[in-house]
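Everything below concerns the one structure shown next.
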There are 2 protein chains.
Amino acid sequence: MLTKEELEEYCKTARESYLPHISIDCVVFGFHEGLLKVLLLTVKNEGGWYLPGGFVLKDEPIELSANRILKERTRLDEIFLQQFHVFGDPQRSKQHFDMYKDMLPPKDNWFTNRFLTIGYYALVDFCDVNPSPDQFAATCSWCDLNDLPELKLDHALILKTALDTLRLQLNYQPIGYNLMQKEFTMPELQKLYETILDKKLDRRNFQRRMLGFGILKRSEKPRKGGAHKAPFLYSFDLENYEAALKEGFKGGW
Amino acid sequence: MLTKEELEEYCKTARESYLPHISIDCVVFGFHEGLLKVLLLTVKNEGGWYLPGGFVLKDEPIELSANRILKERTRLDEIFLQQFHVFGDPQRSKQHFDMYKDMLPPKDNWFTNRFLTIGYYALVDFCDVNPSPDQFAATCSWCDLNDLPELKLDHALILKTALDTLRLQLNYQPIGYNLMQKEFTMPELQKLYETILDKKLDRRNFQRRMLGFGILKRSEKPRKGGAHKAPFLYSFDLENYEAALKEGFKGGW
DNA sequence: TACTCTTGTGTCAAAAATACACTATCGGCG
DNA sequence: CGCCGATAGTGTATTTTTGACACAAGAGTA
């Protein structure tokens with residue numbers, strides 16, 4: 001948590017550096033042990049969680065803003081990012097960072113401004129990410145999508161909208177590619193689809209269909225180590241994947 | 001075109017009333033005589049066309065801004081509006097309203113600011129709209145999508161993105177409902193789909209599929225007057241339509 | 001009344017989706 | 001070391017959906 005002086009300094013810098021009234025919030029999805037995860041952070045001395053977010057530099061394309069913001073939290077560059085909605089209710093940011101609300105008069109206080117926020121969702125390989133807090137965050141960590149804590153502001157709405165978008169785009173965005181590790185087994189990939197769609201799929205039909213797209217390469221050696229029959233390892237054939245995405249995968253789930 | 005004094009006055013009011021750096025641009029689609037149309041406007045003493053747009057009042061939800069902006073141009077209330085993308089390149093608005101560029105120094109000149117623009121597309125019944133210009137526009141009129149004039153700024157990109165979105169959403173948004181008149185014939189509806197998708201569809205299969213959705217009601221009396229067999233008139237069964245949209249129409253075209 | 005154009009409709013074949021059951025192999029355990 | 005339990009791999013029969021296609025009916029016009 002910032003002191004009054006630090007807050008003053010921050011607000012001054014923010015006014016000089018950022019576009020006013022515009023923020024970016026990111027819903028970072030990861031997939032681990034059969035569960036969809038989202039990156040969330042807490043703020044010291046405040047209950048509730050936030051989506052990672054930030055602001056747009058005065059001369060910065062918004063895609064880069066989103067990238068920059070995520071790089072600070074995940075240390076990752078080249079993240080798959082997708083803009084999905086702008087949230088523009090004047091009430092939405094009224095309670096932003098409560099603890100700073102009364103520390104400065106409204107005209108000086110960046111955090112009492114109205115903000116439109118541009119929602120981006122990101123898909124990352126869970127294992128690549130080492131969540132790190134920033135100057136405002138107390139903690140930054142993965143949360144299970146089935147077991148979400150209470151979110152501040154309208155961040156629950158933003159998250160829900162992101163998830164809806166993800167479901168809708170499952171057929172024409174490289175969602176599997178970005179969420180899985182380089183090599184994975186067919187049951188793992190199926191589990192991802194089942195988790196996103198929140199329904200069971202038939203094992204054989206899933207396999208037939210996935211292979212039918214021609215976007216997977218089967219590795220020579222299976223994954224050993226489990227207490228059961230060793231599954232084959234697959235990886236995405238990026239070239240075919242890109243081509244298939246242009247067409248859009250036929251049909252839906 | 002505004003005089004320097006009027007411009008000064010406008011900029012002053014704008015700064016007082018609107019959120020800075022944020023604009024809204026609308027792609028208004030209509031359908032008439034088998035052709036997709038878009039509402040465009042010209043500015044006096046300037047070549048090129050613009051999408052209708054405007055700004056967000058300081059305490060106004062952005063959905064209402066878009067509605068308000070369109071109401072000024074179309075006189076319509078309750079328009080079907082869909083947010084589809086934010087365009088945030090810092091260069092995109094550099095050449096906004098060229099003729100006002102040098103009339104005021106940049107710090108006073110609203111139009112030399114950077115603007116992120118929120119893209120909305122609207123679907124309207126062509127016949128309901130009486131396009132009317134505003135204080136900046138010289139003319140406001142429907143343009144054929146196949147025969148577009150040159151667009152200013154990044155408005156060609158915005159238009160293209162809107163159209164791509166429209167195509168993608170054809171299966172889970174009430175696009176037919178909003179673009180057609182209350183009553184219409186099956187060939188007319190088919191023509192709409194063909195126009196949006198830019199491809200021919202089979203007459204019989206189209207009919208079978210559309211009727212299969214159970215969202216159409218066939219009227220008792222056919223449309224007379226043409227020089228040929230009188231086609232049946234249909235209208236949307238709104239209740240079923242809403243229900244079907246929730247599911248998403250199965251498959252694609 | 002014959003002609004032309006457009007609409008309405010049914011059927012068949014191909015493709016896709018669905019439902020379903022058996023075999024193979026790994027590690028663990030007795 | 002062989003049996004057990006659990007998971008993975010695979011094919012087929014059935015149903016549903018799509019796609020291609022042709023002919024009859026009705027409205028105005030000549």
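Remember, it's a predicted structure, so these values are computed and weren't measured experimentally. Excluded from the calculations below are hydrogen atoms, water molecules and symmetry mates; all remaining heavy atoms, backbone and side chain alike, are included. Chain letters run A, B, ... following the sequence lines, proteins first, then strands; residues in each count from 1.
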Next on the checklist: Between P on C:dG8 and CD on B:Gln190, what's the gap in Å once rounded to a whole number?
Outcome noted: 10 Å

Item to check | Nearest-angstrom distance from the residue atom NZ of A:Lys200 to C1' of C:dT18 | outcome: 17 Å

Next on the checklist: Any base atoms under 4.0 Å from B:Arg223, or only sugar-phosphate, or nothing? Heavy atoms, all strands.
Outcome noted: nothing

Checklist entry - Angle class for the B:Tyr177/B:Tyr241 ring planes (parallel below 30°, perpendicular above 60°, tilted otherwise)? => result perpendicular

Checklist entry - Any idea how B:Phe80 and B:Tyr121 line up, ring-wise: parallel (<30°), tilted (30 to 60°), or perpendicular (>60°)? => result tilted

Next on the checklist: I need the B:Leu166 CG to B:Leu197 CG distance, nearest 0.5 Å.
Outcome noted: 8.5 Å

Checklist entry - Rounded to whole angstroms, how far apart are CE on B:Met186 and C1' on C:dT9? => result 12 Å

Checklist entry - Between A:Tyr193 and A:Phe206, does the ring centre distance come in under 6.0 Å? => result yes

Checklist outcome for this item: Between CD of B:Gln207 and C1' of C:dT6 the distance, given in whole Å, is 13 Å

Item to check | Spacing between B:Leu201 atom CG and D:dG19 atom C1', to the nearest angstrom | outcome: 12 Å

Item to check | Most 5' of A:Leu233 and A:Arg208 on DNA chain D, judged by nearest nucleotide | outcome: A:Leu233

Hey, can you pull the donor-acceptor pairs under 3.5 Å for the side chains in residues 136-147 of chain B, sequence neighbours left out?
from: B:Thr139; atom 1: OG1; to: B:Thr42; atom 2: OG1; distance (Å): 2.4
from: B:Asp144; atom 1: OD1; to: B:Asn146; atom 2: N; distance (Å): 2.8

Next on the checklist: Ignoring hydrogens and geometry beyond distance, is the side chain of B:Arg204 in donor-acceptor contact with the base of D:dG19 at under 3.5 Å?
Outcome noted: no

Next on the checklist: Checking the side chain of B:Arg73 only, and the main-chain atoms of B:Pro133 only, is there a donor and an acceptor separated by less than 3.5 Å?
Outcome noted: no

Checklist entry - Rounded to the nearest 0.5 Å, what separation is found between the CD atom of B:Glu63 and the CD atom of B:Gln83? => result 6.5 Å

Item to check | Distance in angstrom units between B:Asn205 CG and C:dT9 C1', rounded | outcome: 12 Å

Checklist entry - Whole Å only: how far is the CZ atom of B:Arg203 from the P atom of D:dA25? => result 15 Å

Next on the checklist: Measure CG/A:Leu189 against C1'/D:dA8 and give the value in whole Å, please.
Outcome noted: 15 Å

Checklist entry - Taking protein heavy atoms under 4.0 Å as touching, what does nucleotides 24-30 of chain C look like 5' to 3' if B marks base contact, S marks sugar-phosphate-only contact and - marks none? => result BBBS---

Next on the checklist: By nearest heavy atom, map B:Pro187 and B:Asp202 onto DNA chain C; which one lands nearer the 5' end?
Outcome noted: B:Pro187

